[in-house]
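Below you'll find the structure, written out as structure tokens, and then a few comments.
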Amino acid sequence: MLYTDHHIHSNCSSDAEDYMLDMAMACGELGVNRICFTDHCDMDDYITGNPMPEAEELWRASIDAWRETVAHVPAGLDVCLGVELGEMNHDLARARALIESVPELDFVLASIHNLRATPDFYALRYESEAHCRALLDRYLDELTEVAALPDYDILSHIGYTKRYMLRAGYPVFVEDAQYEDKVRLLLRTVIENGKGIEVNTSGLRHPAILETIPSVKILRIYKELGGEKITVGSDAHRTIDAGRGIHQSFELLRSLGFRYVCAYRKREAEFIPLD
């Protein structure tokens, strides 16, 4: 069985610690044999929400590290080059120029960490449940904007907000009934655009969540709507988390009736059978 981790960071991301080769080796030790590094390239600064002009320069370090890593990984480990491109809808021309400038690019993972002119959900101060619900409305609207674009392959961690609203004491989730229409619109937009979503295993490591992001509820809606393209990623920022939850998430997808997971090379999806 080919196990893949299609969301993983190295110290080329400002919030990660460990070298790319060490992250790849840690995945290999867990039996994850295809890895796609997706270091951050965010259009906005996560603290201020203002445009981050040095984003491309920071991500170039990831390209150099990937070239070095590919030359040193042992046989049996397949290491691809991706990018977690944050907030591409905030500056689409800039995002497109970045994608087009890297011919080796295998995979584009689209994320929303910041709403327009707003700090990252990680850095926000939450004032009330009503404040959280208003933010979630905006979050789903922006995700749907991104979902309609042609420039990405997979939409990342739907429900990213859960980590931080829970930390602030507000159990407000995209799975709540009041958001179902927006979630369905989002997923239909992804599917009709020929794109996919990820199963992000980071929630399995979070003691207040203990399930994937998105949750089983959203994965079931995605399948019901005809969604087929899906990747699995640990969203690891440290070697201790690299590859964790991948095997468990493959089993989850199999149990939900999904037939494949996807891996990407040169922006083309390969469907890996789950049977």
Side-chain angles (χ1 to χ4, degrees), residues 4-16 18-21 23-24 34-73 77-117 120 142-143 145-157 160 190 193-198 200 229 231 233 235-237 262-270:
T4 69
D5 189 337
H6 260 55
H7 188 161
I8 189 166
H9 298 271
S10 74
N11 65 340
C12 299
S13 292
S14 61
D15 56 352
D18 294 315
Y19 290 104
M20 195 174 283
L21 180 59
M23 296 292 285
R34 185 179 290 188
I35 305 143
C36 189
F37 280 93
T38 53
D39 281 309
H40 287 292
C41 185
D42 296 319
M43 296 296 99
D44 296 338
D45 180 88
Y46 83 101
I47 293 294
T48 66
N50 296 325
M52 190 163 83
E54 69 273 25
E56 292 93 333
E57 180 182 343
L58 293 172
W59 187 62
R60 296 287 167 183
S62 182
I63 302 170
D64 292 340
W66 171 77
R67 290 171 178 151
E68 180 72 13
T69 299
V70 166
H72 290 91
V73 292
L77 273 183
D78 188 359
V79 179
C80 299
L81 175 65
V83 60
E84 183 175 8
L85 191 54
E87 299 79 53
M88 67 166 64
N89 58 321
H90 296 181
D91 193 340
L92 186 54
R94 184 175 162 214
R96 283 176 172 164
L98 179 139
I99 292 167
E100 292 167 1
S101 71
V102 185
E104 304 103 317
L105 190 61
D106 291 303
F107 180 58
V108 177
L109 187 64
S111 296
I112 289 289
H113 303 111
N114 298 53
L115 301 175
R116 284 185 175 85
D120 192 312
E142 285 213 26
L143 275 180
E145 282 182 35
V146 173
L149 297 173
D151 307 276
Y152 71 102
D153 302 307
I154 292 288
L155 193 63
S156 180
H157 48 49
Y160 170 79
V190 169
N193 197 19
K195 309 301 183 181
I197 67 171
E198 77 161 351
N200 187 299
K229 287 185 177 178
T231 60
D235 203 354
H237 291 67
C262 287
Y264 282 78
R265 197 180 307 276
K266 301 301 181 190
R267 309 290 309 282
E268 294 292 331
E270 174 187 347

For [Y], does its backbone N or O pair with a side-chain atom of [X] as donor and acceptor, under 3.5 Å?
| X | Y | answer |
| --- | --- | --- |
| Y19 | N11 | no |
| S13 | H40 | yes |
| W66 | V79 | yes |
| T38 | I8 | yes |

Evaluate the criterion side-chain contact (heavy atoms from CB on, under 4.5 Å) for residue pair H9 and F37; output intermediate values, then yes/no.
-> CA-CA 6 Å; H9 298 271; F37 280 93; over 6 Å; no
How about [X] and [Y]: does a side-chain donor come under 3.5 Å of a side-chain acceptor?
| X | Y | value |
| --- | --- | --- |
| E84 | H113 | yes |
| H157 | D235 | no |
| E198 | T231 | no |
| S101 | R60 | yes |

Which of these passes side chain to side chain donor-acceptor pair (under 3.5 Å) with D153: R267, K229, K195?
-> R267
Spatial distance of atom [atom1] ([X]) from atom [atom2] ([Y]) [nearest 0.5 Å]:
| X | Y | atom1 | atom2 | result |
| --- | --- | --- | --- | --- |
| L143 | S156 | CG | OG | 9.5 Å |
| D42 | D39 | CG | CG | 11.0 Å |
| R34 | C80 | CZ | SG | 5.5 Å |
| E56 | L98 | CD | CG | 5.5 Å |
| S62 | L81 | OG | CG | 6.0 Å |
| E68 | D64 | CD | CG | 9.5 Å |

For R265 and D106, what are the C-alpha separation, side-chain angles and deciding distance, and is it a salt bridge (Lys or Arg N to Asp or Glu O under 4.0 Å)?
-> CA-CA 4 Å; R265 197 180 307 276; D106 291 303; 5.1 Å; no
Give the C-alpha distance, both sets of side-chain angles, the deciding distance and a yes or no for side-chain contact (heavy atoms from CB on, under 4.5 Å) between I35 and D78.
-> CA-CA 6 Å; I35 305 143; D78 188 359; over 6 Å; no
Tell me the closest heavy-atom pair linking [X] and [Y], and the distance in Å.
| X | Y | answer |
| --- | --- | --- |
| C12 | A65 | SG-CB, 3.8 Å |
| L149 | N193 | O-ND2, 2.6 Å |
| A24 | L77 | O-CD1, 3.6 Å |
| L85 | C41 | CD1-O, 3.3 Å |
| A95 | M88 | CB-CB, 3.8 Å |
| D45 | N114 | O-ND2, 3.1 Å |

Determine, for E104 against K266, whether the closest basic-nitrogen to carboxylate-oxygen distance falls under 4.0 angstrom.
->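 Salt bridge between E104 and K266, a charged N being under 4.0 Å from a carboxylate O: no.
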N-O pairing of R116 and E87 below 4.0 Å = no
Where do Y264 and L109 land on the side-chain contact (heavy atoms from CB on, under 4.5 Å) test, with the steps shown first?
-> CA-CA 11 Å; Y264 282 78; L109 187 64; over 6 Å; no
Test log, rule side-chain contact (heavy atoms from CB on, under 4.5 Å), inputs M43 and R94 | CA-CA 8 Å; M43 296 296 99; R94 184 175 162 214; 3.9 Å; yes
Assess whether atom CD of E57 is packed by more than 12 heavy atoms of other residues, nucleotides or ligands within 6.0 Å.
->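 Result for CD/E57: open.
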Compute the ring centroids of F107 and H6, then answer whether they are less than 6.0 Å apart.
-> yes
